[in-house]
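Residue indices begin at 1 and follow the sequence shown. Everything numeric here is computed off the predicted structure, so don't read it as measured data.
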Amino acid sequence: MKTLILHRGHDRRARSGHPWIFSNEIARFEGAPEPGEAVEVLSARGEFIGVAYYNPRPLIAARLVTRQRESIDETDFFRRKLLAATDYRQKIYGDLPALRLVHGEGDGLPGLVVDRYGDVLAIQLLTLGMERRKSLILEALLDIFSPRAIVARNDVTVRELEGLDRMVELLHGELPQELIINEHGLRFKIDLMEGQKTGHFFDQKENHQALRSRVEGRRVLDLFCYSGGWSVHAARFGAREVLGIDISAGAIALSEANARLNYQDNVCRFERADVFELLREMGREGRRFGTIVLDPPAFVKSKKRLPEAIRGYLTINRRSLELIEPGGYLFTCSCSYHLKRDIFLDTLRKAATQAGRTVRLLEMRGQAYDHPVLLSCPETEYLKCAVLQVL
């Protein structure tokens, strides 16, 4: 195996457990690794740090996959990693048939995401290192789970940074005509080939439960509703009326289908609209809601766009707070890693001040347990969900 040697003083982060190695941290190589090839990573003193895969194209030039001297180019390596990830989740959820099975760095497999939808798996190979080992990963998945089908949702922009094409493809088997999963006793249709992410937002499933006792008898506004996860849960927990908003016609159709599937279409109604414009219009009309859910897509794609994103979060939170009845609740989320928790909370404070509302923070929640956070890699902690009450 070829060797990657770090600059003196640039090995501290890698030795502390962070799996990323940036191109400017590399001093030299012993041998000339091909893009995607496995390399041993050594400190400037020659101390073994781990085994990574290498790609000279992106800023993150190598990603550590193991801290042991072992081959990462064998099916058994991925089988062991997948079994460990599955065991972790079984201890929390039992044999839950729908959840995230592999969460990249959080499961020691940077660049790989695996979501389980019953007997169908959706995977994302986000890096060249994982793309190069696709056949090994598929063999391990087939051996452990015997899935009916495996879909690759490789239609994400990060692949372009790795020099990879964006695509969606069926890698194994045949998809069922209709795919439905269960979450907390509620049923949701999944669009594996064209839906957002891999088809469902598993990272919010614990947060959906926090709606209980905070929506009963209330009018609920669900903004950026996508497939209606928040809306249908709100209806099940006793909301008097739920209005879901999304700019995507496909999302609205999916939300309506999920409301019907759970016999909540008499409570839930969905409209296609631009959230920013709709909030402004509702403010002018004096509309009021008992609970508002604000779960936007990531506004921050890079650190340099953080100021622009903060302005966006500030605007939609201020306008949402203006619409909430006294005693009502705001569930407000950010899935942008670059918007740190302290900045997010500061933005919410400013939004409350500008809205002229007195607000208290009841809970600060995060991503579901099947999206584990690696303490040495803060980038794995991305989802923030603040539960606020307007006094």
Hey, could you give me the [atom1]/[atom2] distance between [X] and [Y], rounded to the nearest 0.5 Å?
X: Asp295; Y: Cys333; atom1: CG; atom2: SG; result: 4.0 Å
X: Ile21; Y: Leu6; atom1: CD1; atom2: CG; result: 5.0 Å
X: Arg236; Y: Arg212; atom1: CZ; atom2: CZ; result: 10.0 Å
X: Glu271; Y: Cys225; atom1: CD; atom2: SG; result: 10.0 Å
X: Leu164; Y: Leu126; atom1: CG; atom2: CG; result: 9.5 Å
X: Ile252; Y: Arg269; atom1: CD1; atom2: CZ; result: 10.5 Å

For residues 136-149, which side-chain donor-acceptor pairs fall under 3.5 Å, sequence neighbours excluded?
from	atom 1	to	atom 2	distance (Å)
Glu139	OE1	Thr75	OG1	2.9
Asp143	OD2	Arg79	NE	2.7

Before accepting this row, confirm whether a basic side-chain N of the pair [X]/[Y] lies closer than 4.0 Å to the acidic partner's carboxylate O.
X: Glu325; Y: Arg288; result: no
X: Asp342; Y: Lys340; result: no
X: Glu206; Y: Arg365; result: no
X: Arg57; Y: Glu162; result: no
X: Arg218; Y: Glu216; result: no
X: Glu25; Y: Arg12; result: no
X: Glu308; Y: Arg311; result: no
X: Arg357; Y: Glu322; result: no
X: Glu281; Y: Arg284; result: no
X: Arg45; Y: Asp11; result: no

Which label fits [X] and [Y]: parallel for a plane angle under 30°, tilted from 30 to 60°, or perpendicular past 60°?
X: Phe188; Y: His200; value: tilted
X: His233; Y: His184; value: perpendicular
X: His208; Y: Trp230; value: perpendicular

Are Val390 and Pro326 close enough that some pair of their side-chain heavy atoms sits under 4.5 Å apart?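 Contact flag for Val390/Pro326 side chains = no.
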Below 4.5 Å, heavy atoms only, C-beta onward: do Leu388 and Arg360 meet side chain to side chain?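 Heavy-atom side-chain distance check fails, nothing below 4.5 Å.
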Qualifying residues under salt bridge (charged side-chain N to carboxylate O under 4.0 Å, His left out), relative to [X], sequence neighbours excluded:
X: Glu285; value: Arg287
X: Arg116; value: none
X: Arg132; value: none
X: Arg280; value: Glu277

If the condition is side chain to side chain donor-acceptor pair (under 3.5 Å), which residues does Arg69 pass it with, not counting sequence neighbours?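 Expected list: Glu40.
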Within the side chain of [X], is there an N or O that forms a donor-acceptor pair under 3.5 Å with the backbone of [Y]?
X: Lys384; Y: Leu339; result: yes
X: Gln389; Y: Gly327; result: yes
X: Arg153; Y: Gly195; result: yes
X: Asn317; Y: Tyr313; result: yes
X: Asn55; Y: Pro35; result: no
X: Thr380; Y: Leu374; result: yes
X: Lys91; Y: Thr86; result: no
X: Arg63; Y: Tyr53; result: no
X: Arg214; Y: Gly328; result: no
X: Asn154; Y: Leu125; result: yes

Taking everything shown except Glu47 itself, do over 12 heavy atoms lie less than 6.0 Å from its CD?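 Correct, the count exceeds 12.
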Is it true that, when you exclude Glu160 itself, more than 12 heavy atoms of the residues, nucleotides or ligands shown sit nearer than 6.0 Å to its CD?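 Atom CD in Glu160 is packed in, count exceeds 12.
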Hydrogens and angles aside, do [X] and [Y] bring a side-chain donor and acceptor to less than 3.5 Å of each other?
X: Glu105; Y: Trp20; value: yes
X: Asn207; Y: Gln204; value: yes
X: Ser248; Y: Tyr226; value: no

For a salt bridge (Lys or Arg N to Asp or Glu O under 4.0 Å) with Asp107, tell me which candidate from Arg89, Lys81, Arg100 qualifies.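 Answer after filtering Arg89, Lys81, Arg100: Arg89.
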Before giving the answer on ring pair (Phe, Tyr, Trp, His ring centres under 6.0 Å), spell out for Tyr88 and Tyr369 the whole-Å C-alpha distance, their side-chain angles and the decisive distance to 0.1 Å. CA-CA 10 Å; Tyr88 160 75; Tyr369 301 121; 8.4 Å; no
Where Val215 and Ala234 come nearest, the two heavy atoms and their spacing: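 Minimum heavy-atom contact is CG2-O, 3.6 Å.
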